[in-house]
Amino acid sequence: MRMKKKTRAAASGAAKQRKSAPVVGKTAPHRAGTGPGSRASTTSDDKSTIRRLRAQLARAQARIEELQASAETDFLLDIPNRRGFERELTRAIAFIKRYRASGALVVLDVDRLKPVNDAFGHAAGDQVLKAIVATVSGQVRASDVIGRLGGDEFALLLWNLSETDAKAKAAALEEAIDRLTFDFGGGNVTAGASAGVAILGSHSDVERALDEADRAMYVRKAQRRHEAEN
């Protein structure tokens with residue numbers, strides 16, 4: 001009986017040794033792309049892709065801004081065109097309504113530009129327009145906005161002016177433009193301008209303000225024409 005017990009114990013010990021012994025010649029299967037070096041390479045590729053996409057997005061945004069600016073700028077005079085000015089006016093009216101600020105819109109129409117174009121060519125007319133914009137720019141503040149609505153019509157957005165001050169500024173602009181003289185073909189030529197004012201307030205919107213200032217401008221133009229005839 002003692003011999004049988006020893007035999008069973010020896011057999012059990014050998015089995016335990018076989019279970020705990022390391023397996024020689026077999027390794028865990030290696031999957032492609034799962035090693036440490038592969039993970040580092042993937043992370044590097046991802047960062048490179050992100051940098052490239054960010055650079056492309058920045059260039060696209062810059063191009064969008066450039067196209068938007070060109071679509072809202074008068075190339076001859078380098079001031080906002082009608083679209084650009086209306087955008088600025090929309091922002092200004094929203095600001096005025098929210099913060100109870102004040103402002104004025106002046107619509108200014110150049111007199112006698114067509115005779116200059118007809119007699120001396122459009123290059124002469126362009127020279128008149130550039131001189132008028134330079135003169136107006138010298139009469140307003142940096143925070144004010146000058147825009148070209150089209151042809152010989154301009155608009156000014158003037159901040160923090162009462163109705164009295166706005167009308168006085170419009171009269172001063174007329175006088176400054178009236179003093180301009182041009183030498184075309186050996187003869188002195190004068191232009192002129194008529195200005196109409198609309199006060200911006202909580203009731204204002206873009207279309208109504210432009211229409212009000214435009215109507216005031218035509219009333220003023222008729223007055224100036226009557227004054228010149230008498």
Side-chain angles (χ1 to χ4, degrees), residues 64-65 67-113 128-180 191-228:
I64 290 171
E65 291 175 1
L67 291 173
Q68 185 178 23
S70 65
E72 297 180 350
T73 302
D74 185 275
F75 288 109
L76 174 66
L77 304 174
D78 195 27
I79 58 175
N81 59 17
R82 187 181 193 98
R83 177 179 176 181
F85 184 83
E86 287 184 354
R87 180 172 61 85
E88 294 294 331
L89 183 58
T90 300
R91 291 178 177 177
I93 290 175
F95 182 90
I96 287 169
K97 288 180 178 180
R98 181 171 182 178
Y99 297 104
R100 297 182 180 180
S102 61
L105 172 66
V106 176
V107 169
L108 189 149
D109 189 78
V110 179
D111 300 326
R112 300 186 296 277
L113 183 65
V128 171
L129 293 176
K130 290 178 180 179
I132 288 174
V133 169
T135 299
V136 172
S137 298
Q139 297 280 329
V140 299
R141 299 157 296 185
S143 58
D144 298 329
V145 181
I146 306 170
R148 186 182 185 186
L149 300 182
D152 55 3
E153 191 172 50
F154 296 86
L156 289 82
L157 171 60
L158 307 175
W159 287 99
N160 301 320
L161 288 181
S162 66
E163 183 174 4
T164 300
D165 291 338
K167 289 182 177 180
K169 174 59 69 175
L173 291 171
E174 288 180 348
E175 292 175 6
I177 295 170
D178 286 344
R179 290 195 296 267
L180 292 175
S194 302
V197 176
I199 300 302
L200 303 176
S202 59
H203 64 284
S204 299
D205 61 54
V206 171
E207 185 176 355
R208 184 184 305 168
L210 285 170
D211 182 64
E212 183 181 347
D214 200 53
R215 284 187 282 108
M217 179 272 294
Y218 278 108
V219 170
R220 178 59 181 154
K221 186 179 284 287
Q223 292 174 344
R224 283 170 58 86
R225 187 179 299 115
H226 179 71
E227 291 169 1

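Bear in mind the structure is a predicted one, so any value in this text is a computation, not a measurement.
Other residues, nucleotides and ligands place no more than 12 heavy atoms under 6.0 Å from the NE2 atom of H226. A 6.0 Å sphere centred on CZ of R100 holds no more than 12 heavy atoms belonging to other residues, nucleotides or ligands.
A salt bridge links E227 and R220; the closest N-O separation between the charged side-chain nitrogens and carboxylate oxygens is under 4.0 Å. Salt bridge status for E163 with K167: present, with a side-chain N to carboxylate O gap under 4.0 Å. One finds a salt bridge joining R215 and D211 here, because a Lys/Arg side-chain nitrogen approaches an Asp/Glu carboxylate oxygen to under 4.0 Å.
What you find for G192 and R224 is that their closest heavy atoms are CA-NH2, 4.1 Å. A170 approaches V106 most closely through the heavy-atom pair CB-CG1, 4.4 Å. The two atoms that bring S194 and K221 nearest to each other are OG-CA, 3.4 Å, heavy atoms only. Here the closest heavy-atom approach between residue N81 and residue A71 is recorded as ND2-O, 2.9 Å. Between A213 and V107, the closest heavy-atom pair is CB-CG2, 3.5 Å.
Put simply, CG on L89 and CG on L210 are 5.5 Å apart, with the number rounded to the nearest 0.5 Å. Here the straight-line distance linking atom CZ of R82 with atom CD of E72 works out to 14.0 Å at 0.5 Å rounding. The line from CG of L105 to CE of M217 is 11.0 Å long, rounded to the nearest 0.5 Å. Going from atom CG of L113 over to atom CG of L129 covers 5.0 Å, rounded to the nearest 0.5 Å. Within the model, atoms CZ of R141 and CG of N160 stand 6.0 Å from one another, a figure rounded to the nearest 0.5 Å. Taken to the nearest 0.5 Å, the CG atom of D152 stands 12.0 Å off from the CZ atom of R112.
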Show your working on side chain to side chain contact (heavy atoms under 4.5 Å, CB included) between F85 and I79 and close with a plain yes or no. CA-CA 9 Å; F85 184 83; I79 58 175; over 6 Å; no

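Of the candidates T73, D78, D74, R148 forms a side-chain hydrogen bond (donor to acceptor under 3.5 Å, both in side chains) with just one, namely D74.
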